[in-house]
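Every chain is numbered from 1, with letters handed out A, B, ... down the list of sequences.
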Amino acid sequence: MKIGVLALQGDFIEHRHSLDSLGAESVEVRLPGQLEGLDALIIPGGESTTIGKLMVAYGLLDALRAFAREKAIWGTCAGAILLSQDTGREQDLLHVMDIRIARNAFGRQVDSFETELHVPFLTPAEPPYHAVFIRAPIITEVFGRASALIKLEDGRVVAARQGKLLATSFHPELTQDTRFHRYFLEMAQLPHAE
Amino acid sequence: MEQQVSGFAVKKGLAQMLKGGVIMDVVTAEHARIAEDAGAVAVMALERVPADIRASGGVARMSDPELILRIMETVSIPVMAKCRIGHFVEAQILEALGVDYIDESEVLTPADKAHHIYKHAFKVPFVCGCRNLGEALRRVGEGAAMIRTKGEAGTGDVVEAVRHARQVLGDIRTLQAVPEEEVMAFAKNLGAPYELCLEVRQTGRMPVVNFAAGGIATPADAALMMQLGVDGVFVGSGIFKSGDPAKRAAAIVKATTHYQDAKLLAEVSRNLGEPMVGRQISSIPEQDLIAKRGW
């Protein structure tokens, strides 16, 4: 299985390191042609406005929408924003997941934080998952084909899934814990019906 | 679910999100909007770009909080602001304003000739300038969560940015080849913390994200720095001192992403209008060089 990591901007190298440590082959994707032959794609953390503009500039919006109809895509933070339908601001998005997003929902950088999440669907489910939130978005609405995967104690949604599409508002690539990457690799191997 | 606010991972993490991107100097909210529209990953809010600071002389200080707040209200991307070297009260003020990153910057007039700010004491992360690995690791030791090579700000001449990037990356390669029993002497000669030298020797890279700055004025300059091995670029005077800032800014963003694709670089470099006039560093008297500030 070959995993692409969108390398327009952001922490794509960190994702590749996580994939390396699981023995998964990965390549960097900057142009539409580089999606060929990939089984799945990760859209990393970064600045969603920057990544969106670079997608538009070289025809990646349509290419990624087509990719999303058959293959697995996982967006972390900025990546989750780009998968969503709407952020309440005017910006370029893929509109492929039935989620709405509030950007910088916890505040500015001084409000960034780390916390332990209980994620029963990871293997193994214990110990709790250490999650890093950086100027993080919140999934404010999950509708249609999407469902909420992880909520904070106050009920706010920080991960959602829709078939083979996965959105997390935190950054598994910033930790040594590869359980989330393993979860995504398993997801990517499922047959492509949603 | 206990929340641990602003550990070092979170400070360093924001810089990791900026990688492969362009951070642009802006002096008005309108500039900030142009920068965001062009695809900047963050803006540096300041009253005067380095080229103007250089031209006007006098003491350069932290910008008016009013200006910084207006820029923070205007854009959704992170906003950085500069304080003087060693001026920890300017830093406290910037933290209170809620800026996302503080640049303890040699571009402003230093407030302390011996000490930099103790940056571990802050929740807000800091970026600092360096000319070599020793200076970089001293700043990381003080708590900097991001490093940028200094170059020579406000000149539009990339030669010092190249020299500093080659120096830092060369120092890392040298350190990797040093036998373990010689690391202490290496650290002593470099003036760098021993533990950080051990870490860099093992990983082969800087412990935090490393951008280039100081003299980058064209898409080709940005791609040059990326090919040399930095994680992203700061562009100060190079954008808003040029003939068509919006177009140049967007071109530099594309060049920073597609830095290895010469065909694409040729395409984005076309018809950008006048670049900033610039000033050759060799024509600047030694005592006027900004990069020498920092200890």
Sort out for me which residue in B:Val99, B:Leu97, B:Asp100, B:Val124 forms a side chain to side chain contact (heavy atoms under 4.5 Å, CB included) with A:Arg108. B:Asp100

Where on A:Ala78 is there a heavy atom nearer than 4.5 Å to chain B: the side chain, the backbone, both, or neither? neither

Heavy-atom neighbours of B:Gln202 CD exceed 12 at 6.0 Å: no

One should read off an interatomic distance between A:Asp11 CG and B:Asp231 CG, to the nearest 0.5 angstrom, of 11.5 Å

Can you confirm whether more than 12 heavy atoms, excluding those of B:Arg166, are under 6.0 Å from its CZ atom? no

B:Val79 portion near chain A, given a 4.5 angstrom heavy-atom threshold: both

Rounded distance [0.5 Å steps], CD1 in A:Ile13 versus CD in B:Gln16: 10.0 Å

Pairwise distance CG(A:Leu54) to OG1(B:Thr257) - rounded to 0.5 angstrom: 4.0 Å

Yes or no on side chain to side chain contact (heavy atoms under 4.5 Å, CB included) for B:Ser76 and A:Thr49, after CA distance, side-chain angles and deciding distance? CA-CA 9 Å; B:Ser76 65; A:Thr49 54; 4.0 Å; yes

Between A:Gln91 and chain B, which part of the residue has a heavy atom less than 4.5 Å away: side chain, backbone, both or neither? neither

State whether the number of non-hydrogen atoms from other residues, nucleotides or ligands found under 6.0 Å of B:Gln227 atom CD is greater than 12. yes

Measuring heavy-atom distances to chain A, does B:Asp261 have an atom under 4.5 Å in its side chain, in its backbone, in both, or in neither? side chain

To the nearest 0.5 Å, atom OH of A:Tyr58 lies from atom NZ of B:Lys254 at 4.5 Å

Side chain to side chain contact (heavy atoms under 4.5 Å, CB included) evaluation trace for A:Phe133 with B:Val10: CA-CA 7 Å; A:Phe133 291 80; B:Val10 161; over 6 Å; no

If you count heavy-atom pairs under 4.5 Å between each of B:Pro125, B:Gly98, B:Pro78 and chain A, which one has the most? B:Pro78

Checking B:Ala38 against chain A: side chain, backbone, both or neither under 4.5 Å from a heavy atom? backbone

Tell me, side chain or backbone of B:Gln260 under 4.5 Å from chain A's heavy atoms, or both, or neither? side chain

Under 4.5 Å heavy-atom distance to chain A, tell me which part of B:Ala250 shows up: side chain, backbone, both or neither. neither

A:Phe67 CZ: over 12 foreign heavy atoms closer than 6.0 Å: yes

In terms of heavy-atom pairs under 4.5 Å, which option from B:Leu18, B:Val22, B:Val209, B:Leu264 contacts chain A the most? B:Leu264

Report yes or no: does A:Gln9 contribute a side-chain atom to a donor-acceptor pair with the main-chain N or O of B:Met17 at less than 3.5 Å? yes

By a 4.5 Å heavy-atom criterion (distance strictly below it), what part of A:Arg135 contacts chain B: side chain, backbone, both, or neither? side chain

Hey, what do you get for OG1 (A:Thr50) to CD (B:Glu36), rounding to the nearest 0.5 Å? 8.0 Å

To the nearest 0.5 Å, tell me how far A:Glu90 CD sits from B:Asp37 CG. 9.5 Å

